[in-house]
Amino acid sequence: MNDLRLIREKPDVMRDALAKRQMDTAPVERILALDEERRAKLSELETFRAQRNAFSKEIGRQQDVSQRELMKNQVRVINIQIDSLETLVGELDAQLQEALYELPNIPDADVPVGKDDSENVVIKNVGALREFAFTPQPHYELGPKLGYLDFERGVKLAGTRFYVTSGPITKLQRGLIQWLLDHHIARGYREFGLPFMVKEEIMLGAGQLPKFRDNLYHDVERDAWFVPTAEVPLTGLHAGDILDGDQLTLNYTAYTPCFRKENLAAGKDTRGIKRGFQFDKVEMYKYCKPEDSEQELQNMLMDIEDILVQLKIPYRVKQLCTGDLGFGSAKTYDLEAWAPGIGEWLEVSSASNVREFQARRGNIRFRRERGAKPEFVHTLNGSGLGIPRTMIAIIENYQQEDDWIEVPKVLREYVKLDMIK
RNA sequence: GGAGGGGUCGCAUAGCCAGGUCUAGUGCGGCCGCCUGCUAAGCGGCUCUAGGGGGUUAUUCCUCUAGCGCGGGUUCAAAUCCCGCCCCCUCCGCCA
């Protein structure tokens, strides 16, 4: 959520941000109008309330019964005003909140301006693409051929976009998760075990609601929403907190399954394990001081790159342009791993500086020192990594000619296998 | 699922039965000052959050409103009375 005061005082900043994101600026005008009316009515309401408070106090002191009754009647009249103003202000408030919740974050000044993902900027390529002496197979052919990846049974169990892994592929996946977590822990991140469902207010705080309602799984009986990423509970951890300035930056990591209802056209971009309704992910998260968030984004990027370097998977780093930037993000880098079987660069990670956008929604603040005014923290999130796509990259890059897969060296002690066949 | 107890301004508590000097008291912690070889003790003052209005617009300031788990209700007036919900603790039942 953006700062209402900023919009009030410098509406052009917000208009400009929306324009750069290829979005309509009309919501800004609506917010300005609502805000002005709300403040006018609020002022009126508070004046009446002050009057009522004064009268009530006086009634308590007044001994004379008829005087008291006289004043009671005056307050009754005032209360009629208060009631209707309260209703009005409440409605204006709700509309204003809703409008603010729908407004995306303001892109950083150094984010390239562009209309959509075609204008994202590749800022580096790392690792040579492997030269194959044979035609590399896509994972969705090699996996089933080996008997360790089963799409039919996934559909049988849970419907489209689900799959089943088994044997060494499952083991590889488990080892990969373990290795990733250990990697982050070694670099100063604290691991969390988190609920895979959260309350609606936590979803709101993380910026998933109300905007992405259609993409979330929801238990209607219990106000429980399945997390679409560990970023959600990691943001919620400190909702409402006032953190100690000396404790920042907080570096967190967590493994969770992620549940996303993406209603894509059947067959479009859905082949294989790239886009399931459920997938595993190890997430990285930071809470930091505002002045540190840019550097922390770079730190996180290095932490993620180190994973791909160690796995020896060729990758490239893209900076997202304004037109492709996520709703809550001010600046994002995508890391794409090369998958030679399907011949695609796969987004295995996305690292974003969210600045105070989530902190404001979730009311997450810090004090620089005792007695200082609380300020909003900055939050950052990054995948480290998305598991299925990393599995694709491993399987396809490490496949060998007669249908077997080498296990990356760094994973061997975790997977307890050298090869999958 | 059942019975009982609880949720108050960082922490610990009082206030609730008997609605109004509650502008929520007290202790601890913390901040400022005084005193003081040093430290401690002692003494005095201060102490939360959000929002509106006014004055300056860099901060400070004045004033009002709201907040006692959350949401309703009664009343001129609610921490206090009533209803619903949430959470925590104890016991019972049930169940991995």
Side-chain angles (χ1 to χ4, degrees), chain A residues 1-11 13 31-101 193 195-205 209 219-225 233 236-248 290-291 356 358-377:
Chain A
M1 184 160 58
N2 293 285
D3 185 4
L4 177 57
R5 275 205 193 115
L6 175 76
I7 300 170
R8 187 188 298 156
E9 283 158 22
K10 295 176 181 169
V13 171
I31 285 168
L32 289 172
L34 281 168
D35 175 51
E36 197 175 331
E37 196 187 352
R38 191 194 78 101
R39 278 185 298 145
K41 295 299 173 190
L42 183 62
S43 209
E44 226 178 293
L45 169 63
E46 289 186 346
T47 306
F48 280 122
R49 286 212 269 233
Q51 281 178 27
R52 176 175 69 186
N53 289 346
F55 271 119
S56 290
K57 199 174 261 185
E58 186 57 29
I59 289 168
R61 275 194 292 256
Q62 180 60 253
Q63 297 300 309
D64 186 284
V65 177
S66 63
Q67 283 292 316
R68 253 197 332 237
E69 286 309 313
L70 201 68
M71 285 189 285
K72 280 192 193 182
N73 281 327
Q74 284 174 291
V75 177
R76 284 192 187 104
V77 173
I78 289 170
N79 273 340
I80 295 168
Q81 306 287 324
I82 289 178
D83 279 350
S84 69
L85 279 167
E86 272 177 349
T87 307
L88 182 57
V89 171
E91 280 165 7
L92 290 168
D93 230 0
Q95 287 174 33
L96 190 57
Q97 279 304 315
E98 199 183 324
L100 281 170
Y101 273 136
F196 304 155
M197 296 178 213
V198 296
K199 298 180 196 167
E200 178 159 337
E201 66 191 65
I202 300 298
M203 280 291 180
L204 268 169
L209 284 173
D219 173 0
V220 290
E221 283 173 8
R222 232 200 127 257
D223 181 26
W225 298 74
L237 276 179
H238 289 303
D241 286 356
I242 298 177
L243 302 166
D244 235 342
D246 332 320
Q247 292 175 355
L248 301 177
E291 63 270 27
E356 59 177 48
Q358 285 173 330
R360 202 173 270 286
R361 288 181 166 232
N363 198 25
I364 308 165
R365 293 169 298 170
F366 76 104
R367 267 190 240 274
R368 290 188 185 273
E369 58 210 57
R370 195 179 282 283
K373 236 184 131 47
E375 298 171 54
F376 289 112
V377 299

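A, B, ... follow the sequence lines: proteins, then strands. Residue 1 opens every chain. In this text the structure is predicted, and so the values were computed from the model without any measurement.
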Quick check: on RNA chain B, is the nucleotide nearest A:Val75 upstream (toward 5') of the one nearest A:Arg61, or the reverse? Name the residue that is more 5'. A:Arg61

In terms of the nearest nucleotide of RNA chain B, which residue is placed more toward the 5' end: A:Gln51 or A:Met71? A:Gln51

Can you tell me the base-pairing partner of [N]? Count Watson-Crick or G-U wobble geometry only, both distances below 3.5 Å, and say none if there is no partner.
N     : answer
B:G51 : B:C64
B:G10 : B:C28
B:C70 : B:G84
B:A40 : none
B:A78 : none
B:U90 : B:A3
B:C22 : none
B:C16 : none

4.5 Å side-chain heavy-atom contact, A:Leu237 and A:Ile364: no

Could you give the [atom1]-to-[atom2] distance, from [X] to [N], as a whole number of Å?
X        : N     : atom1 : atom2 : answer
A:Leu85  : B:A66 : CG    : C1'   : 15 Å
A:Glu36  : B:G53 : CD    : C1'   : 15 Å
A:Lys72  : B:G19 : NZ    : C1'   : 12 Å
A:Asp83  : B:U75 : CG    : C1'   : 13 Å
A:Ile80  : B:U75 : CD1   : P     : 13 Å
A:Ile82  : B:U75 : CD1   : P     : 15 Å
A:Arg38  : B:G52 : CZ    : C1'   : 8 Å
A:Leu100 : B:G51 : CG    : P     : 13 Å

Closest approach to the side chain of [X], judged atom by atom: which nucleotide of [options] is it?
X       : options             : answer
A:Arg8  : B:C64, B:A77, B:G52 : B:G52
A:Arg39 : B:C76, B:G53, B:G51 : B:G53
A:Ser43 : B:G53, B:U65, B:C76 : B:G53
A:Ser56 : B:G20, B:G52, B:U65 : B:G20

Taking atom CD of A:Glu36 as the centre, report whether more than 12 heavy atoms of other residues, nucleotides or ligands fall under 6.0 Å from it.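 Count not over threshold, so no.
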
At what distance, to the nearest 0.5 angstrom, does [atom1] of [X] lie from [atom2] of [Y]?
X        : Y        : atom1 : atom2 : answer
A:Leu100 : A:Arg360 : CG    : CZ    : 9.5 Å
A:Asp93  : A:Asp35  : CG    : CG    : 10.0 Å
A:Ile242 : A:Phe376 : CD1   : CZ    : 10.0 Å
A:Glu86  : A:Leu42  : CD    : CG    : 10.5 Å

If the [atom1] atom of [N] is compared with that of [M], how far apart are they to the nearest Å?
N     : M     : atom1 : result
B:U80 : B:G20 : C1'   : 11 Å
B:G25 : B:C35 : P     : 30 Å
B:G93 : B:A3  : C1'   : 11 Å
B:G53 : B:G4  : C1'   : 49 Å
B:U90 : B:G29 : P     : 31 Å
B:C81 : B:U75 : C1'   : 10 Å
B:G27 : B:U47 : P     : 15 Å
B:A24 : B:G67 : C1'   : 12 Å

Select base, sugar-phosphate, or nothing to describe what A:Ile59 touches, counting heavy atoms under 4.0 Å on all strands. base

With heavy atoms under 4.0 Å as the rule, sort A:Asn73 into base, sugar-phosphate or nothing. nothing

Short N/O separations, protein against nucleotides 46-50 of chain B, under 3.5 angstrom:
| from | atom 1 | to | atom 2 | distance (Å) |
| --- | --- | --- | --- | --- |
| B:U49 | OP1 | A:Arg367 | NH1 | 3.1 |
| B:U49 | O3' | A:Arg365 | NH1 | 2.9 |
| B:A50 | OP1 | A:Arg365 | NH1 | 2.8 |

Regarding A:Asn73 and A:Arg76, is there a side-chain donor-to-acceptor distance under 3.5 Å anywhere? yes

Strictly under 3.5 Å: I want the nitrogen or oxygen pairs between protein and nucleotides 80-84 of chain B, one per line.
none

Short side-chain to backbone donor-acceptor contact, [X] and [Y], under 3.5 Å:
X        : Y        : answer
A:Arg49  : A:Ile82  : no
A:Arg38  : A:Leu92  : no
A:Asp244 : A:Asp246 : no

Pair [X] + [Y]: basic N to acidic O under 4.0 Å:
X       : Y       : answer
A:Arg5  : A:Glu9  : no
A:Lys41 : A:Glu91 : no
A:Lys72 : A:Glu69 : yes

Considering only heavy atoms and no angle criterion, is a donor-acceptor pair shorter than 3.5 Å present between the side chain of A:Glu46 and the base of B:G53? no

B:C76 phosphate, OP1 or OP2, under 4.0 Å from A:Asn53 side-chain N/O: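 For A:Asn53, the contact criterion (side-chain N or O under 4.0 Å from OP1 or OP2 of B:C76) is not met.
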
B:G52 phosphate, OP1 or OP2: any side-chain N/O from A:Arg5 under 4.0 angstrom?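 Answer is yes, contact under 4.0 Å.
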
